[in-house]
Amino acid sequence: MDLTTALDARDATVCVVGAGGKKSTLFALADQLARSVVTASVRIPIFDDRVAAVRVTEDPVTALDEAGDGDWPLGLVPERERSDRYLGYDADTVADISDAAPGATLVKADGARLREFKAPGDHEPQIPPNADVVVPIVSAHVVGEPLTEDLVHRPEEVAAITGREVGSEIRPVDVATVLASPAGGLKGVPSGATAIPVVNKVDDEADAAAARAVAREIRFRANVPRVLLTRLIADDPVVEVVE
């Protein structure tokens with residue numbers, strides 16, 4: 001199964017949340033989907049080299065109307081905050097972009113400060129109300145590692161969801177508990193949207209075994225159609241689909 005099919009992404013509004021592969025997911029989808037838009041409802045690192053064009057504008061719908069054939073995939077952002085990142089639009093503006101876009105709208109909807117695993121903060125995620133698919137992401141590399149800030153964004157929040165202690169070893173069930181929780185990976189998913197979790201960075205068989213264990217636990221805990229095991233930097237990023 002290819003990534004766009006596995007994530008139900010064609011002509012959809014796809015919001016990625018979590019840690020360990022959000023931007024890679026956006027750009028992998030953008031490469032495969034015709035006339036797609038890449039945008040954000042939170043800060044996003046500069047990504048001009050990953051799309052055909054970026055428009056920095058407070059009027060993204062007009063920018064969509066004026067886009068030419070060579071501008072796709074098109075990046076839309078409201079402001080360059082500093083040399084290495086853009087700001088994102090508010091969720092209602094992202095919804096307007098989605099309504100006007102000719103193809104898929106691909107949205108970075110929370111941040112993780114380059115960690116591999118996270119739980120959302122009080123203000124997260126920022127998901128537009130018309131989202132079709134929400135993709136909670138985690139890296140397989142966190143399994144077996146300590147629950148600390150080295151790899152985890154907001155380890156205290158992860159501990160609160162899982163009932164574990166900060167510093168304890170992260171188990172597959174802990175990862176699954178967070179991704180399947182309405183306080184974790186499923187937080188803010190609109191009632192009409194589908195959640196499709198992703199366990200990324202499946203680089204070898206040890207990662208695959210850990211990721212399968214996470215996927216089985218997610219399927220046990222949450223009503224999701226499938227869980228993807230991925231290596232998003234690969235030409236064929238879907239390693240396995242757990243249904």
Side-chain angles (χ1 to χ4, degrees), residues 3 7 9 12-137 139 149 153-154 187-188 198 200 232-233 237:
L3 187 66
L7 291 179
T13 298
V14 180
C15 296
V16 292
V17 299
K22 291 194 298 290
K23 296 184 295 296
S24 296
T25 301
L26 294 176
F27 303 135
L29 289 173
D31 288 342
Q32 296 179 26
L33 294 166
R35 298 172 71 81
S36 60
V37 174
V38 177
T39 189
S41 56
V42 295
R43 293 179 178 90
I44 185 170
I46 301 299
F47 61 100
D48 298 49
D49 61 337
R50 300 303 303 268
V51 293
V54 171
R55 300 287 181 264
V56 181
T57 175
E58 294 289 346
D59 188 1
V61 173
T62 296
L64 280 171
D65 291 341
E66 294 175 350
D69 290 341
D71 291 334
W72 309 98
L74 176 65
L76 291 173
V77 288
E79 182 181 343
R80 186 164 183 154
E81 183 182 36
R82 62 188 199 190
S83 62
D84 62 341
R85 72 186 184 196
Y86 293 115
L87 293 178
Y89 296 105
D90 62 78
D92 288 338
T93 300
V94 174
D96 293 339
I97 292 169
S98 170
D99 287 340
T105 301
L106 311 171
V107 185
K108 180 178 181 282
D110 73 2
R113 298 186 180 178
L114 302 177
R115 304 303 201 274
E116 306 276 281
F117 183 31
K118 71 165 288 186
D122 292 341
H123 61 289
E124 295 178 319
Q126 296 291 320
I127 298 175
N130 60 349
D132 299 300
V133 180
V134 176
V135 182
I137 297 176
S139 165
E149 290 185 351
H153 186 35
R154 298 194 187 90
K187 183 181 178 184
V198 168
N200 188 36
L232 287 164
I233 62 172

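One is the number of the first residue; the rest follow in order along the sequence.
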For R85, what residues pass the salt bridge (charged side-chain N to carboxylate O under 4.0 Å, His left out) criterion, not counting sequence neighbours?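 In terms of salt bridge (charged side-chain N to carboxylate O under 4.0 Å, His left out), with neighbours along the sequence ignored, R85 is linked to E81.
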Atom [atom1] in [X], atom [atom2] in [Y]: separation rounded to 0.5 Å?
X: T13; Y: D99; atom1: OG1; atom2: CG; result: 7.5 Å
X: K23; Y: I137; atom1: NZ; atom2: CD1; result: 10.0 Å
X: N130; Y: D96; atom1: CG; atom2: CG; result: 8.5 Å
X: F27; Y: D49; atom1: CZ; atom2: CG; result: 7.5 Å
X: R154; Y: E124; atom1: CZ; atom2: CD; result: 4.0 Å
X: K187; Y: I127; atom1: NZ; atom2: CD1; result: 9.5 Å

Checking the side chain of [X] only, and the main-chain atoms of [Y] only, is there a donor and an acceptor separated by less than 3.5 Å?
X: K118; Y: G111; answer: yes
X: K108; Y: R43; answer: yes
X: R55; Y: P60; answer: no
X: D71; Y: A53; answer: no

Do [X] and [Y] come within less than 4.5 Å of each other through their side chains, counting heavy atoms only?
X: L7; Y: V198; answer: yes
X: F47; Y: L26; answer: no
X: D69; Y: R35; answer: yes
X: Y89; Y: T57; answer: yes
X: V107; Y: Q126; answer: no

Minimal non-hydrogen separation, [X] against [Y], with atom names:
X: W72; Y: A52; result: O-CB, 3.4 Å
X: D31; Y: R50; result: OD1-O, 4.3 Å
X: L232; Y: P237; result: CA-CB, 3.8 Å
X: P128; Y: C15; result: CD-SG, 3.5 Å
X: S139; Y: E116; result: OG-OE1, 2.8 Å
X: A95; Y: P129; result: CB-CD, 4.2 Å

Please name the residue in the list D59, V51, L64 that meets the side-chain contact (heavy atoms from CB on, under 4.5 Å) test with L76.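 Answer to the side-chain contact (heavy atoms from CB on, under 4.5 Å) test with L76 among D59, V51, L64: L64.
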